[in-house]
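Chain A is the first sequence line, chain B the second, and so forth, proteins listed ahead of strands; every chain is numbered from 1. Everything numeric here is computed off the predicted structure, so don't read it as measured data.
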Amino acid sequence: MVAGKKVETADGNIVEMYSIHKRFGGVVALNGVSFKLAKSEVHGLIGENGAGKTTLMKILSGATEQDSGNISINGKIVKNPNPYYLRTLGVQIVHQELSLLPHMTVAENMFLGKELRTKSGLIDKERMYIESKHVLDEIEVSISPNTMVEILSTAQKQLVEIAKSMIGDLKVLILDEPTSSLTDKEIFHLKKILDMFKIKGVSVVLISHKLNEVKDMCDKVTVMRDGKVVHTCCIDAIDIQDMVNYMVGRNVNDTYVPPVLDECSKKIVFELKGINSYVFGEVELKDININVRAGEIVGMFGLIGSGRTEIIKTIYGLRRKQSGTVIIDGVKVKKLLPSKIIEQGVSWVPEDRRKDGLCLEMSIKNNIGLAVFGEISKCGFVNMAKHKGIVNDYMNRLAIKAPNSKMNVGSLSGGNQQKVVLAKWLAVRPKVLILDEPTRGIDVGSKAEIHSLIRKLRDEGMAILVISSELPELFVLSDRVIVMKDGVITGRVMRDGTGMLTEENIMRIATIGVNKV
Amino acid sequence: MSKAKKDKLSKAFTIETADKEKAHFSLSKHLLNFGILYLLLLLCLITSLLTDKFLTTTNIINIIRQGSTVIILSLGMGIVIITGGIDLSVGALSALSAIIVSGALANWKFSIPLAIGCSLLVGLLFGLFNGIIVARFRISPMIVTLASLNAARGIALLYNDGAQIVGLPDAFTQIGRGYIAFIPVPVIIMLVLVAIVYFVMTYTVFGKYLYAIGGNEEVARLAGISVKKIKAAAYSICGIGAALVGVIYAARLNMGDPTMGSGLELDAISSAVLGGINLYGGQGKILGAVIGALLISVLSNSLNLIGISSFWQLVVKAAVLVGAALIYTRKNV
């Protein structure tokens with residue numbers, strides 16, 4: 001950038017957005033939002049889903065255009081914004097849905113659209129390798145630029161995305177929910193990267209639902225609600241409970257509640273005995289023993305690669321099993337097939353709702369009905385009245401917010417999408433409910449709602465297994481926690497009596513793998 | 001970057017790649033990547049054991065000459081499939097091209113280069129049309145190219161009322177029948193094209209963008225790649241390839257036949273799939289498609305030599321295709 005053109009504003013703000021308005025059809029997404037970002041500042045942007053954070057950042061990154069209002073970057077008003085132009089001004093965004101091409105290498109992804117060329121116009125692979133290696137080294141990521149992206153973990157992909165944004169002239173980095181799939185160690189790494197950016201004079205906008213991380217990483221925080229900024233302040237001037245209250249506009253209560261059913265009425269309905277499963281190139285599961293009683297919530301914690309999801313895949317027959325049995329409600333399951341397991345009364349709400357949980361182009365109604373159509377149809381004809389009944393019932397019980405049940409699921413907010421997945425699996429009236437990351441990428445309000453719903457289901461006598469990488473979530477839900485590492489159960493932590501359910505304890509078992517008898 | 005730092009980095013470069021190769025070599029992965037090549041060699045070995053007519057110079061040259069047209073088609077088809085599209089019009093387009101080049105030579109008395117130029121231009125225009133409709137209006141390539149298939153076949157039949165066009169100059173037929181040294185001309189054309197396409201796919205930005213668009217169109221768009229132009233170019237290349245195949249056929253048969261080339265598009269798609277190009281786009285090597293096409297042509301030659309009827313040959317081809325698809329599915333898991 002030419003130095004002479006730069007005009008530093010008096011107060012050193014690199015980004016200034018004034019009274020931004022944006023409507024989508026009849027819905028007001030942003031209603032007069034002003035937002036300022038200082039140089040070298042990490043600025044947290046929080047709010048419930050639909051509050052307008054993502055829309056605001058889309059406008060800042062040029063993906064959509066505001067109806068009215070001004071943006072200035074480095075003191076220069078931005079005219080005719082588009083993603084490409086804003087990138088040349090140094091504004092980069094790392095999206096929530098990762099946007100790397102799986103069949104290309106890390107270096108190729110980092111330079112996509114701005115490939116380095118040799119004098120003869122061909123791709124300069126070596127220079128791209130060296131430069132991407134340089135950037136990766138700078139943020140202390142030990143991935144070879146020649147690695148294919150498809151073999152990277154989600155966390156590594158996230159880091160590559162950040163590295164990608166550093167190619168060229170980076171001034172403002174927008175991170176949309178960067179930590180939703182990271183473990184604590186990786187979050188610590190991210191924090192180090194942000195500290196480095198601060199020294200380099202890069203400003204960061206961090207959109208997050210994890211408030212303790214916002215508190216931990218940011219210098220300032222802006223809270224949005226219903227398309228407006230409701231509060232902006234220095235991070236030291238606000239605590240997490242206040243953030244929540246600003247976000248929701250009311251007091252939210254999401255704490256652990258002990259089960260109502262007493263010990264003797266709880267029989268074991270879900271039992272895994274000595275499961276061993278080995279698949280080439282994946283985590284090997286060794287001697288997995290788990291039981292879940294009716295009316296209790298068992299949490300399962302493990303870092304990525306610990307084998308938590310693999311257990312579920314094995315039960316569903318999506319992975320080969322060498323030995324071990326699955327017993328549901330006292331009956332041994334003979335053949336592990338999704339249809340058989342569902343028949344036995346197990347429902348699994350998968351981790352990735354957009355990929356495995358929903359048909360995004362289909363209506364709410366049909367998504368909810370998907371798993372029960374067999375049950376409510378005769379000779380292949382769906383009983384419309386029953387279908388409608390079920391849909392209305394669950395939309396009310398789960399408080400799914402939508403104008404009507406014919407709407408496409410894809411147009412709902414994350415929280416409501418998750419509720420639709422839940423509704424689909426509750427509609428089969430399961431005895432056992434397996435929830436894999438039940439509130440990933442969902443705002444606090446909806447999170448608390450889903451949590452209390454899970455507790456309610458428990459108290460109605462369902463056996464619930466919650467897999468989560470968010471410790472706070474496991475704390476407010478679980479009656480006990482199973483910890484896994486490298487395909488082995490390394491610890492079982494009880495809530496009552498022993499009093500061992502602490503964050504340090506669980507992390508210790510998950511990372512070091514102390515086998516507590 | 002300072003020189004010392006550069007040195008350090010280039011050192012890191014060598015160490016890291018060496019480590020990587022060592023760490024990542026696995027037999028099963030190797031077999032999946034090169035399996036099609038081994039399958040081809042195995043097939044050659046078995047056939048040469050069963051019959052001594054297989055491994056003769058004449059026969060080998062014959063196989064490659066017969067295969068060269070499908071190989072040329074599979075190059076264009078491979079490019080289109082890598083962008084996540086498909087082109088069903090290539091067979092009909094080559095018939096149209098054969099008719100145009102024959103008509104230009106026999107009826108309009110055009111010079112040979114001009115006649116060939118005309119037919120290649122028609123191929124280009126059809127390809128461009130396919131590409132623009134697919135990219136600009138986001139219509140399924142299956143539909144667009146199906147329409148082109150019918151259009152091209154229809155025009156080919158209309159031109160001479162469905163009859164063949166004969167009486168082509170001898171100099172022209174050399175393109176299909178001639179030899180340079182002992183290598184047939186179509187084989188030379190094919191080899192040159194394979195080299196060019198391989199180079200483009202591996203070393204140019206255009207090649208990378210084809211993969212990027214097939215991998216994730218939205219990501220490519222946000223990266224500032226002009227998706228529409230690249231897609232239009234991909235279909236245009238495919239169209240030119242099809243037209244060239246039509247020219248070669250006309251030269252070899254010494255006539256323009258409006259009914260020729262039906263089903264050629266399916267051979268080209270099979271070659272690409274056999275060669276490991278992902279039908280959903282973004283993945284696969286163009287040389288894979290070449291070897292896939294070669295495998296198909298060796299397979300029919302072998303079955304002919306062993307004396308298996310052409311009806312059974314279809315069944316065998318089907319089995320090989322499904323088998324290959326199954327193997328590649330495992331690769332992606």
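Counting heavy-atom neighbours within 6.0 Å of Lys58(A) NZ, excluding the residue itself, gives a total of 12 or less. Summarising the local packing, NZ of Lys229(B) is surrounded by 12 or fewer heavy atoms from other residues, nucleotides or ligands at distances under 6.0 Å. Counted within 6.0 Å of CE on Met196(A), heavy atoms from surrounding residues, nucleotides or ligands total more than 12; the atom is thus considered enclosed. In Lys313(A), the NZ atom is not crowded: 12 or fewer heavy atoms of neighbouring residues, nucleotides or ligands sit closer than 6.0 Å.
The distance from the OH atom of Tyr211(B) to the CE atom of Met104(A) is 8.0 Å, given to the nearest 0.5 Å. To the nearest 0.5 Å, atom CG of residue Asn109(A) and atom NZ of residue Lys208(B) are 10.5 Å apart. The distance from atom CG of Leu112(A) to atom CD1 of Ile225(B), rounded to the nearest 0.5 Å, is 4.0 Å.
Between the side chains of Glu115(A) and Tyr209(B), at least one donor N or O sits under 3.5 Å from an acceptor N or O.
Looking at Phe206(B), there are no atoms closer than 4.5 Å to chain A (heavy atoms on both sides), in backbone or side chain.
Both tests hold for Lys125(A) against Tyr203(B): distance to the six-membered ring centre under 6.0 Å, angle to the ring axis within 45°.
Proximity of Val219(B) to Leu101(A): side-chain heavy atoms (C-beta onward) are separated by under 4.5 Å at one or more points.
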